[in-house]
Amino acid sequence: MTDLVKTDFYDHVNGEWVKTAEIPADKPATGGFQDLVQDIEQLLMAEFAEMAAGTKEIPAGRMKDAIEFYKLANDYETRNKLGVEPVKPLLAKVAALNSLEELNQQFPEWVLEGMPLPFALDVDQDMKDTQTNVVYAYPASTFLPDKTYYEENHPQGPELLKVFSEMTVSILEKFGKTNEEAAAIVADALAFDRSIVPHVRSSEENADYSKNYNPKSIAEFAAYSKELDLKKLVNDLVHDTPGEIIVTEPEYFAAFQQIVNPETFALLKNWLLVQVSLSYTSILSEDLRQLGSTYSRYLSGIDEAAPQQKAAYYLATNRFSQVVGDYYGKKYFGEKAKQDVEHMVEAMIAIYQNRLKNNTWLSENTREKAVVKLGTLGIQIGYPERIPELYDAFITKPAEDGGTLVENARFFSRLVREDNFSRFHKPVDRKEWEMSAATVNAYYHPFKNIIVFPAAILQAPFYSLEQSSSANYGGIGAVIAHEISHAFDNNGAKFDEFGNLNNWWTKEDLTHFEDLSKAMIAEFDGISFAGGKVNGTLTVSENIADAGGLSCALEAAKKEADVSLEDFFTNWAKIWRTKAREQYQQLLLSIDVHAPAKLRANVQVKNLDDFYTTFNITEEDAMYLSPEKRVHIW
């Protein structure tokens with residue numbers, strides 16, 4: 001055993017890999033998750049190319065439309081020939097606006113066409129009645145990734161605004177503006193953007209998503225603007241008059257009249273021009289595709305835009321995500337693996353149930369309700385039973401029939417928006433997936449009380465029939481238990497077994513839980529990383545889930561006949577191996593609810609007594625954490 005295992009466990013497991021790993025030029029990072037993404041990317045890109053060339057049969061269903069869309073996206077000769085022409089009518093539409101009243105007259109078509117507004121509307125589950133869909137209202141997004149970037153003396157803020165401004169001026173010039181005109185438009189857009197900043201929440205503030213539940217009557221919502229008829233807009237979109245609107249950030253809408261009024265119309269109009277210009281660069285000519293990604297690449301430290309074929313592949317797979325996921329899941333996810341993973345899920349739930357029943361700090365009343373919530377947890381593995389009916393309407397108009405990439409993209413986007421607003425009158429489908437089966441990830445949905453494990457993550461290093469059971473528990477087992485833990489993290493714990501925002505805790509239990517959460521915040525808060533510091537409050541929910549997941553997976557591993565705790569902890573560190581660009585790491589420190597991957601590997605193991613005995617860690621070692629500081633929640 002090397003000394004490194006006692007000083008930096010993550011480096012002990014991943015150090016040699018980090019030395020030789022190369023970050024792809026078009027990516028911000030590489031590692032456990034990213035390597036799987038790249039493998040799937042290469043696999044499906046090759047199949048897409050063969051299907052497009054006619055050398056591989058396209059399966060029945062909407063995959064043929066995904067391939068037709070891919071062919072349009074990959075036809076850069078036509079994209080270059082069309083240049084900016086496909087988007088000129090949209091820019092002209094904004095340029096023709098002379099007043100807020102004229103904008104008002106174009107509702108709801110403006111929304112359904114995907115034209116920008118200084119707010120957003122959609123339909124989603126009512127947090128307090130999750131069998132019902134309601135209308136939500138959101139504030140506009142800022143140009144910089146978080147409001148904290150606008151603070152005086154922020155180390156990256158001014159430089160990012162400079163890069164953004166220069167890129168946007170260049171894009172507007174491509175659309176026919178002179179340099180002087182473009183600079184003036186961008187200056188106005190930045191001024192409007194700045195007026196938004198004081199009234200929106202930071203990522204840290206939004207980490208508690210229950211704060212988004214602020215029901216307002218339709219009359220209260222309509223009163224946010226004197227010039228825009230918000231009530232009529234909502235009525236026309238959902239073909240009904242909702243009793244209330246869920247306003248996610250009341251502070252923003254309370255200031256809406258101050259932000260959007262006849263005096264600020266000129267700034268708003270140029271902000272709209274910038275938003276339209278930026279939103280289409282990825283599907284126009286190659287020079288605009290390259291130029292349009294300048295800011296996002298700078299933000300993440302990426303050297304190059306994605307190669308043309310890869311960019312086309314992602315345009316197709318993002319739009320046809322569930323179609324491609326269904327194809328991938330059925331072809332590459334075997335029944336034996338599904339049964340094995342189901343066994344692991346059942347093992348995790350049994351352990352969680354036992355832990356809840358024997359919990360010493362919960363009262364009997366709260367404990368019983370926690371067990372009930374766990375018992376109603378929905379489990380979805382591999383790929384969904386069916387893909388949404390919406391995809392039946394995703395019919396690509398091919399090039400030979402005069403179809404273009406922009407025309408089809410706009411058509412599909414409109415279908416998605418129309419489908420979303422139509423959900424106001426439809427029941428909630430608890431079985432509908434919000435992630436493609438070809439996605440390397442997993443999630444817990446608090447409003448549906450379900451955990452979902454797409455096929456793509458159910459492979460090495462997370463899971464393999466070739467790995468020991470302990471390695472699998474340290475990988476996918478910990479991920480499974482992590483998602484279960486989200487039902488009982490500082491956010492998930494606010495929702496009951498039906499997914500409703502409903503306090504099922506006694507006052508004393510809740511206070512104790514909040515104290516334990518504070519201990520988890522303190523464990524991570526202020527740790528130096530990548531030239532910045534970890535925000536313990538921003539990352540607390542994921543850290544609670546990591547702690548619960550790792551602890552429960554460890555208990556499950558110990559029940560297997562071939563238990564090897566060294567395998568268990570080693571694979572836990574291995575799945576988090578990451579090599580990332582510093583700019584990207586700094587961005588994540590500001591906006592990501594997850595702690596840096598290295599710290600997820602290193603900090604969490606310190607809370608587990610078995611880690612110390614497995615690797616003979618003593619108080620003389622850097623990996624040692626005194627027992628009274630070890631955080632145990634679930």
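For reference, positions follow the sequence shown, starting with 1. Bear in mind that the values here come from a model prediction, so they are computed numbers and not experimental data.
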Worksheet item: With S517, which of N490, V631, N543 fulfils side chain to side chain contact (heavy atoms under 4.5 Å, CB included)?
Response: N490
Worksheet item: Can you tell me if Q467 and N472 form a side-chain donor-acceptor pair at under 3.5 Å?
Response: yes
Worksheet item: So, R577 side chain and V13 main chain: donor-acceptor pair closer than 3.5 Å or not?
Response: no
Item to complete: Would you please say whether a donor-acceptor pair under 3.5 Å links the side chains of Y444 and D489?
Response: no
Discussion item. Before you tell me yes or no, could you show the steps for N441 and T439 under side-chain hydrogen bond (donor to acceptor under 3.5 Å, both in side chains), namely the whole-Å CA-CA distance, both residues' side-chain angles and the distance that decides it to 0.1 Å?
Written reply: CA-CA 6 Å; N441 213 328; T439 303; over 6 Å; no
Worksheet item: So, Y473 versus F568, ring centres under 6.0 angstrom or not?
Response: no
Worksheet entry | Any side-chain donor near an acceptor of the partner, K147 and S202, under 3.5 Å | no
Worksheet item: If you measure only the distance, is there a donor-acceptor pair under 3.5 Å linking the side chains of Q38 and Q34?
Response: no
Item to complete: Return each pair, listed once, that meets ring-ring contact (aromatic ring centres under 6.0 Å, His included) where at least one residue sits in residues 20-43; pairs must be two or more places apart or across chains.
Response: F33-F462, F33-W576
Item to complete: Determine yes or no for a side-chain-to-main-chain donor-acceptor pair under 3.5 angstrom, with Y612 supplying the side chain and K606 the backbone.
Response: yes
Worksheet item: Is a side-chain donor-acceptor pair under 3.5 Å present for T248 with R201?
Response: no
Discussion item. Tell me whether the count of non-hydrogen atoms from other residues, nucleotides or ligands lying under 6.0 Å of NZ in K574 goes above 12.
Written reply: no
Fill in: Q322-W433 side chain donor-acceptor pair, cut-off 3.5 Å
no
Worksheet item: So, do L608 and S551 sit near enough that their side-chain heavy atoms are less than 4.5 Å apart?
Response: yes
Worksheet item: Centres of the Y138 and F119 rings: under 6.0 Å?
Response: no
Worksheet item: Is the ring centre of F488 less than 6.0 Å from the ring centre of F513?
Response: no
Practice prompt. Could you tell me which residues satisfy side-chain hydrogen bond (donor to acceptor under 3.5 Å, both in side chains) with Q42, sequence neighbours excluded, listed by chain and number?
Written response: none
Worksheet item: Quick check: does any side chain N or O of T570 sit under 3.5 Å from a backbone N or O of D567, one acting as donor and the other as acceptor?
Response: no
Fill in: E566 versus S564, side-chain donor and acceptor atoms under 3.5 Å
no
Worksheet item: Where is the tightest heavy-atom contact between L160 and Y298, given as atom of each residue plus distance?
Response: CD2-CD2, 3.6 Å
Worksheet item: If you count the non-hydrogen atoms of other residues, nucleotides and ligands that lie under 6.0 Å from OH in Y443, is the total more than 12?
Response: yes
Worksheet item: NE2/H445 to CZ/F495 distance, rounded to the nearest 0.5 angstrom?
Response: 10.0 Å
Worksheet item: Just how far is it from atom CD of Q156 to atom CG of D146, taken to the nearest 0.5 Å?
Response: 11.5 Å
